[in-house]
There are 2 protein chains.
Amino acid sequence: MPSPSPIDDPLITTFGRLLEASAKLERRLGASLHEETGLPHVWFEVLVRLARSEEGRLTMGALADDIALTTGGITRLIDRIREAGYVERHPCPTDRRVTHAVITDTGRGILDRAAVVHARNLREAFSGFDDATLSTLDTLLDRLRDAAAPPD
Amino acid sequence: MPSPSPIDDPLITTFGRLLEASAKLERRLGASLHEETGLPHVWFEVLVRLARSEEGRLTMGALADDIALTTGGITRLIDRIREAGYVERHPCPTDRRVTHAVITDTGRGILDRAAVVHARNLREAFSGFDDATLSTLDTLLDRLRDAAAPPD
DNA sequence: GTTGAATATCTGACACGTCAACTAACGAGG
DNA sequence: CCTCGTTAGTTGACGTGTCAGATATTCAAC
C-alpha cells in the first residue's frame, strides 16, 4: 500500500530538489560574497556578463534574459549599479530604442577582486566534486536551461 | 593569449549556469502551474511538503528551512496560504514556542489537482531526459544541497 | 527555584522585483 | 512616405521577502 497519490511523482521531487539546492547555494555563497566584498551576488552576475561581452556592453534586454529578470526589473537593477558607479548607460547610436549597459573601469576593478573571493568560496563548496562530475553537471544544467526556453 | 582573468574561472560559470537554469525553469513552470490551477508555485511547494509529512504538519522553522526562506518570510507566506484556507496554524502542545502549519482538507484537494497538472508540465519539459539521466541529476542535486549546508 | 543563554516565532521598516500601462522608435506593406 | 504592428525600455502601484529587533518560552546550571 504505497501512496498512489499524484504528489509523489518523482519529477515533482526532482524539480523541488533543483529549486532547493540552488536557493540554498545562492543564499550561502551570495552571503559570503557580499560580506567579503560588499558586492551583492546579482551585481556580480551582471558585471561578469558585461565584462565577458564584446566591449563590456550588453543591451538591457539581453541582460534581462541572462539574469532571468523582467525588463522592468533590469531597469531598476542597473539604476542601482549605476549609482554605485560600476556601470553606465549608453544609448545605442544605430537603434534609438535600445540602451546598452556598459561596465566601467571601477566596475572591472571590483569585479576582479570579487571573482577571486567567489572562486575561492566555490572551490570550498564544491570540494567534493571531481572534474568529471563537474563536467556532467555542466552538461545537465545546459540541458535544463534549454528545457526552460519557450517551446516554439 | 587566452584570458588569465579570475572572472573566467569555470566554477563561476557553472554556478551561474545553475542559477540561470533554475530561475528560468521556475519562471516558466511556475507560470504554467499558476495559470492552470490558480496555485502559486511556492504555495505548491509548501503544501507538498506538508502533505508528505506525518499528520500533514511541520513547524514553521522546518518549513522555512525546506523552502529556503527566513522565518520572517515563512510567517508571512503561511499567513497568506491560511487566508486562502489551505493551511491552519496549530500551537504545539508540548512546546509553546512552536507553531505547526497543518494542511487542511481543502488544501489537500487543490494540491492533488495541481500535482497532476504540474507533473504533466514537468514531463513535457523533461521529455529529453531518460531515467538514467534523471537519476544522475537527482544525485548531483542532493550533493549540491548538502554542499550548501553550514560547514560545521 | 532562579538566572541566563538559546530557541521559535512574529512584526515594522524597507529593499527588490513584478505587472501592466505608457512612450518612443523601428520596419514592412500598401 | 505613411500607417500599423512590433520591439525596447521606463515607470507607478503593488506584492513579497529580508533584516533587525521584540516577545515568549525552554532548558541547563547553579
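Every chain is numbered from 1 and lettered A, B, ... according to where its sequence line falls, protein lines coming before strand lines.
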**Student:** Output the rounded distance in Å from NE2 (B:H41) to P (D:dG17).
**Tutor:**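 So the two atoms are 13 Å apart, to the nearest Å.
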
**Student:** To the nearest angstrom, how far is A:I67 atom CD1 from C:dT18 atom P?
**Tutor:**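 Answer to the nearest Å: 12 Å.
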
**Student:** Write down the distance between CH2 (A:W43) and P (C:dG17), rounded to a whole number of angstrom.
**Tutor:**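 From A:W43 CH2 to C:dG17 P: 11 Å.
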
**Student:** Are A:R76 and A:D79 ion-paired here, with the side-chain N under 4.0 Å from a carboxylate O?
**Tutor:**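 So A:R76 does not pair with A:D79 through a salt bridge.
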
**Student:** Judged by atom type as modelled, is there a donor-acceptor pair below 3.5 Å linking the side chain of A:T59 to the main-chain atoms of A:H100?
**Tutor:**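 Absent.
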
**Student:** Return a single string for nucleotides 4-13 of chain D, one symbol per nucleotide in 5' to 3' order, where B is base contact, S is sugar-phosphate-only contact and - is none, cutoff 4.0 angstrom on heavy atoms.
**Tutor:** ---BSSBBBB

**Student:** Just checking, any donor-acceptor pair under 3.5 angstrom between side chains of A:T133 and A:D130?
**Tutor:**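 Judged by distance alone, the side chains do pair up.
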
**Student:** Taking atom P of D:dT18 as reference, at what distance in whole Å does atom NE2 of A:H34 sit?
**Tutor:**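 These atoms are roughly 15 Å apart.
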
**Student:** Grab the CG-C1' distance between A:L69 and C:dC19 for me, whole Å please.
**Tutor:**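 About 14 Å, once rounded to whole Å.
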
**Student:** With a 6.0 Å cut-off on ring centres, are A:F15 and B:H118 close enough?
**Tutor:**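 Here the rings of B:H118 and A:F15 have centres that are less than 6.0 Å from each other.
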
**Student:** Could you tell me how far apart A:E26 (CD) and D:dG17 (P) are, to the nearest whole angstrom?
**Tutor:**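 Going from CD in A:E26 over to P in D:dG17 covers 15 Å.
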
**Student:** Apply side-chain contact (heavy atoms from CB on, under 4.5 Å) to the pair B:R123 and A:L11, showing each step before the final yes or no.
**Tutor:** CA-CA 7 Å; B:R123 234 170 278 123; A:L11 278 181; 3.9 Å; yes

**Student:** Tell me, please, which residues at least two apart from B:R27 pass salt bridge (Lys or Arg N to Asp or Glu O under 4.0 Å).
**Tutor:**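 For B:R27 there are no salt bridge (Lys or Arg N to Asp or Glu O under 4.0 Å) partners, ignoring immediate neighbours.
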
**Student:** Using five pairs at either end of the helix from C:dG1-D:dC30 to C:dG30-D:dC1, determine the angle between the two local helix axes and round it to 10 degrees.
**Tutor:**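 Answer rounded to 10°: the end axes differ by 20°.
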
**Student:** Looking only at the side chains, is there a donor atom on one of A:S5 and B:R108 sitting less than 3.5 Å from an acceptor on the other?
**Tutor:**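 Side chains of A:S5 and B:R108: no pair found under 3.5 Å.
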
**Student:** Between A:R80 and C:dA15, does any side-chain N or O lie under 4.0 Å from OP1 or OP2?
**Tutor:**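 No, because none of the side-chain N or O atoms of A:R80 sits under 4.0 Å from OP1 or OP2 of C:dA15.
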
**Student:** Side chain of B:R96, heavy atoms from C-beta onward: which of C:dC26, D:dT18, D:dT25 has the nearest atom to it?
**Tutor:**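 Side chain of B:R96 sits closest to D:dT25.
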
**Student:** Between C1' on C:dC10 and CZ on B:R82, what's the gap in Å once rounded to a whole number?
**Tutor:**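 Spelled out: CZ on B:R82 to C1' on C:dC10 is 13 Å.
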
**Student:** Run the numbers on A:E45 and A:H41 for side-chain contact (heavy atoms from CB on, under 4.5 Å), then give the verdict.
**Tutor:** CA-CA 6 Å; A:E45 290 294 330; A:H41 180 251; 3.0 Å; yes

**Student:** Would A:E88 and A:R57 pass as an ion pair if we require N to O under 4.0 Å?
**Tutor:**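 Answer for the salt bridge query: no.
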
